[in-house]
Amino acid sequence: QVQLVESGGGLVQAGESLRLSCAASGRTFSSEAMGWFRQAPGKEREFVAVRRWSGGNLYGDAVKGRFTISRDSARNVVSLQMNSLKPEDTAIYYCAASRSSWVGMNHYEYNYWGRGTQVTVSA
């Protein structure tokens, strides 16, 4: 069984920072990439960032330069450091993992999903 659990969401003011974490567990887990998507009410699910074991990091245009994805030394945790947050960043953030190391920004490329964590940025 594979499980992804997000944590770190909350309510912050514009300009502040927040750090999300995603912990992966399960003997069947064989992902080669872990990343983040987000979805705001009434909007499509949007790619945020991905870290690929045998590739590099990739960021969505809306967060490039402000967000940083990293992998914990334990190899089962991926974090998303979110700086200079804007009200437009308000969404449910989902952790996602893929068995492929070369996934991109399309949600259908990912195999595993967490339940999500709410991030709310007030103006």
Side-chain angles (χ1 to χ4, degrees):
Q1 185 176 10
V2 176
Q3 186 176 24
L4 302 176
V5 180
E6 304 96 336
S7 62
L11 173 64
V12 298
Q13 295 183 0
E16 295 183 341
S17 298
L18 204 59
R19 186 177 182 88
L20 306 181
S21 294
C22 176
S25 62
R27 295 179 180 179
T28 311
F29 188 71
S30 59
S31 295
E32 295 293 329
M34 292 178 64
W36 295 88
F37 286 77
R38 67 186 184 184
Q39 188 166 24
K43 300 186 68 176
E44 297 283 297
R45 183 166 297 190
E46 177 187 18
F47 171 76
V48 176
V50 63
R51 185 173 182 85
R52 303 172 291 194
W53 295 187
S54 299
N57 297 341
L58 190 66
Y59 296 94
D61 290 339
V63 306
K64 188 173 295 184
R66 299 187 297 119
F67 291 10
T68 302
I69 190 169
S70 61
R71 187 184 184 189
D72 188 81
S73 60
R75 301 186 65 185
N76 67 337
V77 177
V78 168
S79 297
L80 183 70
Q81 178 66 42
M82 305 184 295
N83 297 328
S84 301
L85 283 164
K86 307 174 181 179
E88 307 92 273
D89 296 318
T90 296
I92 299 176
Y93 283 70
Y94 297 92
C95 179
S98 175
R99 293 187 290 269
S100 173
S101 182
W102 295 103
V103 291
M105 62 181 69
N106 298 307
H107 67 269
Y108 54 79
E109 296 178 283
Y110 295 78
N111 308 110
Y112 313 104
W113 294 87
R115 295 178 181 177
T117 185
Q118 178 70 46
V119 172
T120 302
V121 184
S122 61

Exercise. Is any side-chain heavy atom of V50 less than 4.5 Å from a side-chain heavy atom of F37?
Worked result: no
Problem set entry | In one Ile/Leu/Val/Met/Phe/Trp/Tyr side-chain cluster, 4.5 Å: M105, I92 | yes
Exercise. Less than 4.5 Å apart, any side-chain heavy atom of L20 and any of T117?
Worked result: yes
Problem set entry | Sole candidate of V48, L18, V119 that passes side chain to side chain contact (heavy atoms under 4.5 Å, CB included) when paired with L80 | V48
Exercise. Looking at side-chain heavy atoms only, is the closest gap between S7 and S21 below 4.5 Å?
Worked result: yes
Exercise. Are the side chains of F67 and D89 in touch, meaning some heavy atoms are under 4.5 Å apart?
Worked result: yes
Problem set entry | pair M34-V77: side-chain heavy atoms closer than 4.5 Å | no
Exercise. Stepwise, does the side chain to side chain contact (heavy atoms under 4.5 Å, CB included) test hold for Y112 with Q3?
Worked result: CA-CA 8 Å; Y112 313 104; Q3 186 176 24; over 6 Å; no
Exercise. Quick one: are L58 and R51 in side-chain contact, heavy atoms under 4.5 Å?
Worked result: no
Exercise. So if you build clusters from Ile, Leu, Val, Met, Phe, Trp, Tyr with side-chain heavy-atom gaps below 4.5 Å, do F47 and Y93 land together?
Worked result: no
For this session: Kindly indicate whether the side chain of W36, heavy atoms from C-beta on, has any atom under 4.5 Å from the side chain of C22.
Result: yes
Exercise. Do the side chain of N83 and the main chain of S17 share a donor and acceptor less than 3.5 angstrom apart?
Worked result: no
Exercise. Any side-chain heavy-atom pair from Y110 and V103 closer than 4.5 angstrom?
Worked result: yes
Exercise. Are Q118 and T90 close enough, and set up right, to give a side chain to side chain contact (heavy atoms under 4.5 Å, CB included), and what steps lead you there?
Worked result: CA-CA 8 Å; Q118 178 70 46; T90 296; 4.1 Å; yes
